[in-house]
Amino acid sequence: METNQTQPPMPPNHLALAIITTILCCLPAGIVSIIYASQVNTKYNAGDYEGALRASKNAKTWWIVALVAGLVIIIGYIAFIAIVGGETFWEAYNAEMQKNTY
């Protein structure tokens, strides 16, 4: 007796976003995301739908972590440059203004 089971649709593997966030945002978290994303298709084709779904969720979680980490680093860098560079700019500006004062 055969059972006519239909396999649920394959969950998204998030590979494109994993690669983009690896290149542009945060390398370590992006690599973890790529590893999980590459497991989705393999597990799904092996019949492990739950494993594929779990790998898909992990891939999504890790590319979001990579994106947030990248944004935090970029915003922190901009703030650092603004604080350090801004202070230097104002010191130079005030020195120049004092030279031009009669």
Side-chain angles (χ1 to χ4, degrees):
M1 182 159 118
E2 282 185 41
T3 59
N4 190 8
Q5 294 180 347
T6 58
Q7 193 171 14
M10 184 169 65
N13 62 15
H14 302 284
L15 186 60
L17 290 171
I19 292 171
I20 291 169
T21 55
T22 301
I23 294 170
L24 298 179
C25 297
C26 180
L27 187 66
I31 290 173
V32 174
S33 180
I34 289 174
I35 290 169
Y36 280 119
S38 67
Q39 292 175 357
V40 173
N41 293 356
T42 305
K43 289 183 179 196
Y44 181 80
N45 291 334
D48 183 11
Y49 179 73
E50 292 301 318
L53 189 59
R54 196 168 41 253
S56 175
K57 288 179 182 178
N58 286 334
K60 182 178 179 181
T61 299
W62 281 102
W63 75 253
I64 291 171
V65 167
L67 179 66
V68 170
L71 289 175
V72 166
I73 291 169
I74 290 169
I75 291 169
Y77 179 73
I78 290 170
F80 175 76
I81 295 300
I83 291 168
V84 172
E87 184 177 325
T88 305
F89 169 78
W90 283 114
E91 287 173 3
Y93 176 77
N94 288 332
E96 192 64 35
M97 292 305 285
Q98 287 178 355
K99 279 193 233 177
N100 293 332
T101 319
Y102 294 48

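Throughout, residue positions are numbered sequentially from 1 according to the sequence presented. Computed over heavy atoms, backbone and side chain alike; hydrogens, waters and symmetry mates excluded.
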- [ ] Using a 4.5 Å cut-off on heavy atoms from C-beta on, say whether the side chain of S33 contacts that of T22.
- [x]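 Side-chain contact under 4.5 Å: no.
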TODO: Determine whether Q7 and Y44 make a side-chain contact, defined as any pair of heavy atoms from C-beta on separated by less than 4.5 Å.
DONE: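 They are in side-chain contact.
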Task: Connected hydrophobic set around I74, excluding itself, where side chains approach under 4.5 Å - done: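 In the cluster with I74 are I78.
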Open item on the list: Which Ile, Leu, Val, Met, Phe, Trp or Tyr residues join I31 in one cluster when any pair of side-chain heavy atoms under 4.5 Å counts as a link?
Closed with: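 Besides I31, the cluster holds L27, I35.
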- [ ] Can you establish whether the number of heavy atoms outside K60 located under 6.0 Å from its atom NZ is more than 12?
- [x]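 Counting other residues, nucleotides and ligands, NZ of K60 stays at 12 neighbours or fewer.
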May I have the list of side-chain donor-acceptor pairs in residues 45-57 shorter than 3.5 Å, sequence neighbours left out?
unit_1	atom_1	unit_2	atom_2	d
N45	ND2	N41	O	3.2
D48	OD1	G51	N	2.9
S56	OG	P12	O	2.5

Indicate every side-chain donor-acceptor pair of residues 64-72 with a distance under 3.5 Å to a residue at least two apart or in another chain.
none

Task: Backbone N/O of V84 and side chain of T88: donor-acceptor pair under 3.5 Å - done: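 Yes, the answer is positive, given that a donor and an acceptor are paired below the 3.5 Å cut-off.
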Task: side chain to side chain contact (heavy atoms under 4.5 Å, CB included) partners for I20, two or more places apart - done: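 I20 satisfies side chain to side chain contact (heavy atoms under 4.5 Å, CB included) with L24 once adjacent residues are dropped.
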Open item on the list: Give me the atom names and distance for the closest heavy-atom approach of A18 to W63.
Closed with: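 It is CA-CB, 4.1 Å.
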Task: Listed partners of Y93 passing ring pair (Phe, Tyr, Trp, His ring centres under 6.0 Å), at least two apart - done: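 Testing Y93 for ring pair (Phe, Tyr, Trp, His ring centres under 6.0 Å), a comparison that skips the adjacent residues, returns W90.
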